[in-house]
Student: 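If you scroll down you'll find the structure; I have some questions about it.
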Amino acid sequence: MDLDHRPTQLVFFPYPLQGHLTPMLQLAQSLLSLNPSFKITIAHTHFNSPKIESPLKFTLIPIDDGLPVNWQPKGGADLLKLVDTISSNCRAPLFSLLSRLNEEDPVAGFFYDGIMGFAGEVGTELGLKAMAFRTSSATSFAVFANIEKLHEMGYLPIRDFESEERISELPPLRIKDLPAFSSDNSVLESFWAGISQLTKQTKKASALILNSLSALENEALKMIQHDFHIPIYAIGPLNCQISLNLLPEDSKCLSWLDAQPPKSVIYTSFGSLAGMDSSQVAEIAWGLANSGCRFLWVVRPGSVNGYDAAELPSGFMDQVGSRGLVVGWAPQKDVLAHQAVGAFWTHCGWNSTLESLCAAVPMACWARFGDQKVNSRLACGVWRVGLEMGREVERGEVERVVRRLLMEREGEEMRERGRELMQVLESSLEKGGSSYEAFEALVNKLKS
Ligand code: UDP
């Protein structure tokens with residue numbers, strides 16, 4: 001074999017949740033578009049193995065994750081444990097796979113999800129350029145990088161989870177925006193310790209890649225740049241179309257949207273993880289119904305009390321008739337780009353937030369946990385394209401927020417600001433824009 005003509009290989013190791021898989025594959029796709037000679041290999045766990053529908057030129061290789069066949073997390077605790085399970089079970093198989101791949105075709109870059117620090121260690125051990133990719137916002141990453149400082153300054157442990165007090169080190173954030181998963185400080189302490197450790201580990205990576213850009217998160221990016229002495233590539237927003245769904249998509253929503261007037265529909269979806277109980281479902285349902293507005297609502301199978309099929313309040317669908325549609329999973333990017341959609345009621349996952357910005361759709365922000373609270377703060381308090389909702393969903397508030405976004409001037413003003421921001425994002429991805437240049441610099445690093 002002619003060794004000089006072997007293709008340059010890039011290996012990607014995504015964390016197996018929807019909100020992590022999509023941006024990692026988008027990163028791979030974007031790098032391939034910039035340099036079509038790259039050979040792309042995706043190493044993935046059996047759990048949530050990606051089924052890619054569009055014809056991407058990726059080679060997919062499964063890694064034994066040691067989880068029972070068809071294992072599904074039964075709740076938040078299982079999800080929090082997933083990272084530890086994968087860390088202990090996948091280290092050895094990842095090591096052998098990467099060594100084998102590197103012998104076949106040189107691996108010019110190993111991209112791993114930064115929440116799997118062990119993968120970075122494996123890559124470094126093998127002498128590869130181990131690139132940590134974090135799929136959350138730069139601001140939440142900056143919080144995680146400053147856990148010790150937040151303790152020293154007395155912001156942690158959190159005394160009042162609803163405190164509006166500003167955090168002087170992290171300007172837009174208030175104490176209530178800190179990315180907590182629980183309101184029990186004893187649970188949170190071990191979470192802070194783990195995430196802080198993980199973030200420090202990222203400092204040993206060959207580079208840090210963030211799905212963001214200075215036009216959105218300048219302060220946070222500057223802080224990270226200052227504290228991390230490794231190259232940082234802010235290449236967001238990753239926006240190429242990747243058809244990767246872990247749940248079957250209900251495409252009838254697009255034809256339903258075709259029949260609705262422009263900017264008349266609120267798209268309502270809380271991502272791939274957040275759950276609800278029956279009383280929250282009732283508040284959402286009656287809030288949407290009472291708003292008098294049109295809505296497309298995603299109720300994910302398993303998201304209500306863990307049941308496969310959610311029960312909607314009796315009489316609800318009769319009352320709303322053809323003004324509302326409830327589906328199990330939607331083609332979200334197509335929905336947001338549809339001319340009938342005028343607002344997005346979101347949990348503010350980072351992907352959903354960016355997708356909303358890329359489509360200039362203003363948001364009703366119902367952050368549930370973790371970094372969603374940070375993203376909600378950015379959308380409402382910094383970019384001013386969202387309305388913050390209370391932690392406890394309540395039908396009267398829902399009705400008011402939906403009407404403000406779809407029927408009042410305030411919503412139109414946010415749409416206008418959103419369009420301006422969308423143009424900024426688009427130009428950052430064009431030649432000469434900050435994200436384009438970051439991508440080019442990344443490709444050069446891979447070639448060096
Ligand atoms: N998504 C989708 N259809 C849906 C709901 C969500 O395609 O009905 C996608 C959405 O476009 C986004 C991802 O699922 O890319 C959710 O990621 P995000 O970071 O917003 O939230 P998470 O699911 O991680 O909480």
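Order of listing sets the numbers, starting from 1, for every ligand and every atom in it. What's counted below: heavy atoms across the whole structure, side chains too, no hydrogens, waters or symmetry copies.
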Student: Considering only NZ, NE, NH1 and NH2 on the basic side and carboxylate oxygens on the acidic side, decide whether Lys81 and Asp84 come within less than 4.0 Å.
Tutor: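 A salt bridge is absent here (no side-chain N lies under 4.0 Å from a carboxylate O).
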
Student: Considering only heavy atoms, does Trp329 approach ligand 1 within less than 4.0 Å through its side chain, its backbone, both, or neither?
Tutor: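 It is both parts that get close, each with some atom under 4.0 Å.
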
Student: Using a plain distance cutoff, I'd like to know if Ala330 has any nitrogen or oxygen under 3.5 Å from a nitrogen or oxygen of ligand 1.
Tutor: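 The answer is yes, given that Ala330 and ligand 1 share an N or O pair closer than 3.5 Å.
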
Student: Quick one: which ligand 1 atoms are inside 4.0 Å of a heavy atom on Ser269?
Tutor: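 Contacts of ligand 1 toward Ser269, numbered from 1: 5 (C).
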
Student: Counting each atom of ligand 1 from 1 as listed, which ones have a heavy atom of Trp350 under 4.0 Å away?
Tutor: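 Checking each atom against Trp350, I get 19 (O).
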
Student: May I ask you to identify the nearest protein heavy atom to atom 19 (O) of ligand 1, giving residue, atom name and distance to one decimal place in Å?
Tutor: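 Atom 19 (O) of ligand 1 sits closest to the protein heavy atom Asn351 ND2, 2.8 Å.
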
Student: Before accepting this row, confirm whether a basic side-chain N of the pair Arg417/Glu420 lies closer than 4.0 Å to the acidic partner's carboxylate O.
Tutor: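 Here Arg417 does not pair with Glu420 in a salt bridge, since their nearest N and O are not under 4.0 Å apart.
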
Student: Give a yes/no on ligand 1: does His347 have at least one heavy atom closer than 4.0 angstrom to it?
Tutor: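 Yes, that is the case, since the closest heavy atom of the residue is under 4.0 Å from the ligand.
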
Student: Which atoms of ligand 1 have any heavy atom of Val298 under 4.0 Å away?
Tutor: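 That gives atoms 8 (O) of ligand 1.
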
Student: Please list, in number order, the atoms of ligand 1 under 4.0 Å from a heavy atom of Gln18.
Tutor: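 Within the 4.0 Å cut-off of Gln18, ligand 1 contributes 13 (C), 14 (O).
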
Student: Which of the atoms in ligand 1, numbered in the order shown and given with their element, are less than 4.0 Å from a heavy-atom of Gly271?
Tutor: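 Selected atoms, number and element: 23 (O).
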
Student: Identify which of Glu355, His20, Lys333 has a heavy atom lying nearest to atom 11 (O) of ligand 1.
Tutor: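 Of the listed residues, Glu355 has the closest heavy atom.
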
Student: Check step by step if side-chain contact (heavy atoms from CB on, under 4.5 Å) holds for Asn351 and Thr353.
Tutor: CA-CA 5 Å; Asn351 295 289; Thr353 306; over 6 Å; no

Student: Hey, does Val304 have a side-chain heavy atom less than 4.5 Å from the side chain of Asp277?
Tutor: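 No. Closest side-chain heavy atoms not under 4.5 Å.
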
Student: Which bit of Tyr267 gets closer than 4.0 Å to ligand 1, counting heavy atoms only: side chain, backbone, both or neither?
Tutor: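 Only the side chain of Tyr267 comes within reach of ligand 1.
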
Student: Mark up the atoms of ligand 1 that fall under 4.0 Å of a heavy atom belonging to Gly349, in ascending order.
Tutor: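 Answer, ordered by atom number: 18 (P), 19 (O), 20 (O), 21 (O).
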
Student: Between Glu169 and Tyr155, do the side chains contain a donor N or O and an acceptor N or O under 3.5 Å apart?
Tutor: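 Glu169 and Tyr155 do not have a side-chain donor-acceptor pair below 3.5 Å.
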
Student: Need the ligand 1 atom indices (1-based, order shown) with element for anything under 4.0 Å from a heavy-atom of Gly19.
Tutor: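 In order of numbering, the contacting atoms are 17 (O), 24 (O).
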
Student: Is there side-chain contact between Ser269 and Phe344, with at least one heavy-atom pair below 4.5 Å?
Tutor: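 Yes - at least one pair of side-chain heavy atoms lies under 4.5 Å apart.
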
Student: Side chain or backbone of Gln332 under 4.0 Å from ligand 1, or both, or neither, by non-hydrogen atoms?
Tutor: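 The part of Gln332 near ligand 1 is both the backbone and the side chain.
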
Student: Looking only at protein heavy atoms, identify the closest one to atom 23 (O) of ligand 1 and say how far it is in Å.
Tutor: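 The closest one turns out to be Ser272 OG, 2.4 Å.
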
Student: Indicate yes or no: at least one non-hydrogen side-chain atom of Phe13 is less than 4.5 angstrom from one of Ile42.
Tutor: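 No, their side chains stay 4.5 Å or more apart.
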
Student: May I ask you to check whether Ser212 and Glu217 show a side-chain donor-acceptor distance below 3.5 Å?
Tutor: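 Result is yes, a qualifying pair exists.
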
Student: So does Glu397 pair up with Arg400, basic N to acidic O under 4.0 Å?
Tutor: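 Not counted as a salt bridge, because no side-chain N and carboxylate O are separated by less than 4.0 Å.
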
Student: For Phe270 together with Trp345, are the ring centres under 6.0 Å from each other?
Tutor: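 Ring centres of Phe270 and Trp345 closer than 6.0 Å.
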
Student: Which residue and non-hydrogen atom of the protein lie closest to atom 20 (O) of ligand 1, and at what distance in Å?
Tutor: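 For this ligand atom, the closest protein heavy atom is Ser352 OG, 2.6 Å.
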
Student: When the ring centroid of Phe133 is compared with that of Phe111, is the distance short of 6.0 Å?
Tutor: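 Not close enough - the centres of the two rings lie 6.0 Å or further apart.
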
Student: Heavy atom of Thr22 under 4.0 Å from ligand 1?
Tutor: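 No heavy atom of Thr22 comes that close to ligand 1.
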
